[in-house]
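See structure below.
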Amino acid sequence: MPTITRQLHQSLLSGAVTSTALVQRCLNQIAARDGQVKAFLQIDADNALAQAAAIDARRQSGQSAGRFAGLPVGLKDNICVMGATATCGSRILENFISPYDSHVAERLKAEGAVLLGRTNLDEFAMGSSCENSAFAVTRNPWDLERAPGGSSGGSAAAVSAGMLPLSLGSDTGGSIRQPAALCGIVGMKPTYGRVSRYGLVAYASSLDQIGPFAGDVYGAALIMEAIAGHDRRDSTSVNLPVPSYTQTVDQPLAGLKIGVAREHFVEGLDPAVEQSVRAAIEVYRSLGATIIEVSLPRSRYCVAVYYMVASSEASSNLSRFDGVHYGHRSENHGNLAEMYAASRAEGFGDEVKRRIMLGTYALSAGYYDAYYKKALQVRRLIREDFDAAFQSVDLILSPVTPSSAFKIGELTSDPLAMYLQDIYTLSANLAGIPGLSIPCGYSPSGLPIGLQLLGPHFSEDRLLRAARMYESVTDWHSRRPAIAVD
Amino acid sequence: MNFTTIIGLEVHVQLNTRTKIFCGCVNKFNPDQPNTQTCPVCLGLPGSLPVINREAIHLGQMTGLALNCTITPFTKWDRKQYFYPDLPKGYQTSQFDLPLCQNGYIETFSHEGEARRVRILRAHLEEDAGKNMHDESGRGRDSQVDLNRAGTPLLEIVSQPDIRSAQEAKAILEELHLLLTYLGVSDCNMQEGSLRCDANVNLHIDTDGCSKVATPIVEVKNLNSFRSIEAAIEYEVKRQLEEFQKTGRKIGDPGVEKETRGWDMERGYTFAQRGKEEAADYRYFPCPDLVPVTTSPERIEEIRRSLPEFPAQRRARYRQEFGLSLYDASVIVNQGAGLARYFETVANLCGDAKQAANWVTQDVQRDLNDRKLTIGEFPISAELLGQLLKRIVVGDLTVKGAREVYAQLLADSDEGQTLLVDWIDAIIEEKSLKVVNDTGLLDAAITSALEDSQKAIDDYKAGKQQALGAVVGKVMKLVKGADAKVVREMLIRKIDG
């Protein structure tokens with residue numbers, strides 16, 4: 001099945017392919033391959049086919065089939081859809097069915113997308129490998145022994161393996177861009193406030209953003225123009241007009257000034273990754289871009305700041321999972337305090353507990369100023385670094401990850417090494433700026449390598465166009481793993 | 001042993017916004033249909049987000065200004081974290097270091113006009129929790145949680161420890177209650193919990209005539225009536241004094257911490273509620289789901305201009321404009337804005353504020369109490385009473401006659417009739433209550449009455465003033481509606497020649 005959204009979209013719009021046929025192909029591919037990949041936690045085939053049939057019927061009766069015209073989209077299992085699970089990869093929400101639609105689900109439904117399946121993730125989006133899911137370990141379609149990245153590993157693997165053309169993930173510290181890079185597809189984290197978080201189960205509220213995965217830049221642009229925009233139900237959603245990203249995506253940017261930060265090319269960066277990223281810089285140079293060296297001196301604090309801020313917010317956000325009103329409630333308790341303790345002890349996995357404890361500690365009386373407050377101060381400095389850099393450049397180009405996909409189990413015993421997976425992506429969340437990951441090469445063993453483009457606030461249009469410039473003169477994105485061939 | 005009682009109040013006021021503080025659910029007391037006024041936001045479902053209610057901020061700022069507070073120009077929201085079944089998110093969204101309103105005061109006045117000022121430390125907005133209902137049958141059934149109340153906007157008003165007695169605490173709470181009623185920001189129904197009060201109480205004891213020691217601070221929770229405020233503090237003062245005499249424990253001693261006690265109104269005592277080993281670290285931090293709220297000086301002035309007249313201002317005006325005593329002014333104003341408006345209409349219509357005050361504080365008040373009515377439900381409207389009293393003022397009716405008309409009006413209303421202004425004259429006519437000022441008619445009647453009252457005249461002349469009563473009675477019989485006072489004066493003039 002082609003994973004190039006542009007062609008699929010054209011076929012649907014022209015009527016050459018029906019949504020029903022496309023969804024059926026996706027379901028067939030899932031049936032054939034997901035036993036190995038385990039990208040999905042839940043598939044409701046009948047429901048997906050019914051949605052597709054309704055959209056086809058609309059088209060046949062001359063009505064609009066919507067912006068998506070029946071393209072299927074997979075949603076990470078922390079984005080609420082009415083009547084569907086929202087397990088967040090956690091035992092504590094194993095049997096939770098959302099009674100309401102998230103903003104993005106409403107938008108996708110209204111625009112003629114078929115919501116197909118719930119994709120796997122690290123529990124509550126905490127992780128970089130999809131190994132922290134309580135239900136399944138998702139495999140990298142390029143090498144089933146390797147991790148697809150995380151936390152939106154299921155969404156990335158599903159697109160990479162040709163089981164879906166599009167999917168949504170959430171990115172708190174790199175959870176879209178890193179799995180996109182490791183799975184060889186396009187992924188984008190929008191500006192904080194660009195996409196409503198209403199209905200996204202919160203991990204770290206001040207960092208979380210929903211964003212797209214697609215086989216090509218066009219697909220990411222298509223999703224972005226459907227889900228971006230103001231939503232009154234999210235107070236942090238920004239009321240700015242949404243550009244028609246698909247209309248502008250093919251327009252090259254003249255006089256592009258690209259920043260390269262020396263801090264991004266230091267010890268710990270795999271030579272194959274460095275080589276691919278440096279080659280990408282040359283591609284941009286050949287397209288007329290000016291390359292300017294910039295400095296992001298506080299980027300070395302990113303990991304520390306991120307784990308203070310994110311864990312603190314998480315420790316609060318996850319308080320609601322107490323077994324009282326919904327979710328897992330332990331049978332092993334004598335009184336109320338024991339009920340809370342046992343339900344949470346049984347319901348949460350190790351990584352979630354680790355971060356709740358870290359965050360609880362950082363917010364505790366006597367520690368708040370030294371940890372949480374200090375982290376917020378440094379966070380502001382990190383943002384100022386970017387503001388300063390974007391005074392002289394339009395974009396900053398960097399690696400997405402220090403290396404290509406690692407083996408399953410390789411980093412699970414060393415949480416700190418796992419945390420370093422996100423060293424290039426964390427700062428965009430801390431600064432609130434948008435970031436995009438696009439394939440830019442392959443390791444000697446044939447594993448995808450990602451290129452990250454970072455831009456100032458609300459520069460999604462610029463990021464997509466710059467990515468498309470690169471995509472149009474390279475063919476990394478058209479390579480698919482063997483498993484994707486149906 | 002000499003001691004000073006130190007009291008500070010924390011008052012939770014449910015603001016009567018149309019919808020809840022962070023979602024669109026209706027904000028209404030409804031315990032009979034639990035969990036019907038809920039949505040993903042106030043249920044704390046995964047993925048839901050709060051949005052601040054503009055009206056809650058407005059009502060909170062109105063109250064702050066009425067309490068002479070500074071309105072914080074930049075205010076934000078913080079999460080106060082603890083686990084409890086009525087708190088679905090595991091934290092209460094509240095305000096920590098930048099409360100909506102700060103540094104104000106409230107004053108009460110004794111009937112002698114003596115002012116007492118109690119400083120307000122802060123007033124901040126937060127969300128109310130739901131309500132836990134436990135099985136009280138003793139059969140150990142499950143507890144239940146009703147989240148209708150969860151997300152009701154609350155203004156928590158915290159006073160400085162400026163109050164020195166249980167009576168004063170009650171008076172301050174009554175004045176606050178009245179102020180909130182005049183502002184219309186809350187139902188202020190203490191039984192339904194829309195106004196709830198906690199009191200922090202301790203004693204400064206003079207042990208040796210020169211230095212003072214402080215007993216441990218006790219927070220007495222859930223004082224749900226004015227009577228309980230007074231009684232609970234009185235009890236607590238006594239208890240702390242006895243405790244101190246027994247143990248000598250004071251603030252600063254090792255292991256002495258603030259204690260939380262409940263109040264049992266029926267049994268009349270406070271009881272220990274939370275042990276200090278459970279002392280909570282609420283881990284306040286700024287809520288990342290909400291944005292700070294800024295208020296411009298112009299906006300604050302706009303709110304200030306829109307505020308209604310406060311009770312204290314109204315009492316002063318009644319004294320100046322209507323010449324009422326502080327006592328009368330307070331009696332009327334303290335009954336709430338409805339009765340005060342009623343009084344003003346009556347006073348303006350009849351032209352005699354003292355007359356109006358007498359009727360409103362006595363007759364009307366008595367009948368409201370007897371009939372358990374609010375002034376809005378009272379069948380004799382302010383217009384009707386004003387017209388009736390006007391008859392007294394112009395001399396057409398005696399006070400006694402007016403009482404008869406008033407009683408008849410109430411009786412007619414009890415029979416289900418709608419009262420009209422015309423009826424006043426109809427009743428006066430029917431009962432012949434109109435004061436007769438026709439001196440010719442009275443003269444003739446007096447002459448006629450004196451003709452067969454020689455003995456009374458003699459007695460009067462002999463110094464028996466009361467002998468004239470019988471003659472006055474005869475005249476009154478002859479001329480219905482004659483004013484006894486006028487008749488007596490005319491009689492005396494006639495006899496004395």
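Just so it is clear, the values below take in all heavy atoms, side chains as well, and ignore hydrogens, waters and symmetry mates. Sequence lines set the chain letters: A, B, ... in the order given, protein chains first and strands last, and positions in each chain run from 1.
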Spacing of [atom1] belonging to [X] relative to [atom2] belonging to [Y], to within rounding of 0.5 Å:
| X | Y | atom1 | atom2 | value |
| --- | --- | --- | --- | --- |
| His325(A) | Lys89(B) | NE2 | NZ | 10.5 Å |
| Ser48(B) | Arg197(A) | OG | CZ | 11.0 Å |
| Arg79(B) | Ser315(A) | CZ | OG | 9.0 Å |
| Ser235(A) | Leu49(B) | OG | CG | 7.5 Å |
| Arg283(B) | Ser312(A) | CZ | OG | 9.5 Å |

Practice prompt. Please lay out, stage by stage, how Gln81(B) and Leu363(A) fare under the test side chain to side chain contact (heavy atoms under 4.5 Å, CB included).
Written response: CA-CA 10 Å; Gln81(B) 317 198 59; Leu363(A) 292 178; 3.7 Å; yes
For the interface with chain B, which of [options] has the highest count of heavy-atom pairs at distances below 4.5 Å?
| options | value |
| --- | --- |
| Lys373(A), Arg320(A), Arg233(A), Met339(A) | Arg320(A) |
| Asn317(A), Asn78(A), Asp322(A) | Asn317(A) |
| Phe96(A), Phe321(A), Tyr367(A), Tyr100(A) | Tyr100(A) |

Worksheet entry | Side chain, backbone, both or neither of Ser316(A) within contact of chain B (heavy atoms, under 4.5 Å) | both
Discussion item. For a side chain to side chain contact (heavy atoms under 4.5 Å, CB included) check, start with the C-alpha distance between Phe285(B) and Leu376(A), then their side-chain angles and the critical distance, and finish with the verdict.
Written reply: CA-CA 11 Å; Phe285(B) 83 110; Leu376(A) 290 189; over 6 Å; no
Worksheet item: With only heavy atoms counted, which part of Tyr84(B) is less than 4.5 Å from chain A, the side chain, the backbone, both or neither?
Response: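 Both the backbone and the side chain of Tyr84(B) come within 4.5 Å of chain A.
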Response to the item:
Okay, Pro85(B) and chain A: the region with an atom under 4.5 Å from a heavy atom over there is both
Worksheet item: So, for Thr236(A) and Pro288(B), which heavy atoms are closest and what is the spacing to 0.1 Å?
Response: CG2-O, 3.7 Å
Discussion item. On a heavy-atom basis, which atom in Ser205(A) and which in Asp289(B) lie closest, and how many Å separate them?
Written reply: CB-OD1, 3.2 Å
Worksheet item: Do the ring planes of Phe83(B) and Tyr340(A) sit parallel (below 30°), tilted (30 to 60°) or perpendicular (above 60°)?
Response: tilted
